[in-house]
Amino acid sequence: MKLSPSWKLFILALVSIGSAGCAPKPLSTDGYAEVLAAFREPPSEYRSAPLWVWNERVTETAIDEQLADFKAKGIG
C-alpha cells in the first residue's frame, strides 16, 4: 500500500507529538561529582525496564518475589 505525501506528513506529526512527552529529562552536567552520582544511581527514566512475562500460574507470592528481585537488581 502506497501512502500519499499528506498521509506521511500526518503520521510523522502523530509520532512527533506522541514522543514529545516521552523524552527523558536531560541531566545537568554542572560538575563531575553530579555526573558520577547519576551513573551510580540513575533516575528512573534512565534505568532498565524489564520484559515481564508470566509463563506459569501467577500467584501473589510469585509476583512479590519477582518484584523484590527486580528491585534488588536496580530495576526501577
Side-chain angles (χ1 to χ4, degrees):
M1 176 165 108
K2 188 171 180 176
L3 294 175
S4 68
S6 59
W7 272 107
K8 289 178 184 178
L9 185 59
F10 176 71
I11 292 170
L12 180 62
L14 286 178
V15 170
S16 298
I17 292 169
S19 63
C22 300
K25 294 173 265 177
L27 292 174
S28 170
T29 55
D30 291 337
Y32 177 75
E34 185 178 342
V35 172
L36 188 60
F39 272 97
R40 285 191 184 129
E41 189 66 33
S44 61
E45 61 263 21
Y46 293 102
R47 293 183 183 177
S48 297
L51 172 62
W52 194 4
V53 179
W54 292 324
N55 292 320
E56 54 194 33
R57 187 178 180 101
V58 179
T59 65
E60 189 172 338
T61 303
I63 293 171
D64 290 343
E65 288 171 358
Q66 290 172 358
L67 290 174
D69 187 44
F70 288 154
K71 185 176 181 179
K73 292 179 178 159
I75 298 173

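One-based numbering along the sequence shown. Please read these numbers as outputs of a predicted model, since none were measured by experiment.
Pairs passing the salt bridge (charged side-chain N to carboxylate O under 4.0 Å, His left out) check and including a residue from residues 51-74, sequence neighbours excluded, read Asp69-Lys73.
With sequence neighbours left out, the side chain to side chain contact (heavy atoms under 4.5 Å, CB included) criterion links Leu36 to Tyr32, Arg40. By the ring pair (Phe, Tyr, Trp, His ring centres under 6.0 Å) test, Trp54 is found to be paired with Trp52, residues two or more places apart in sequence or in another chain being considered.
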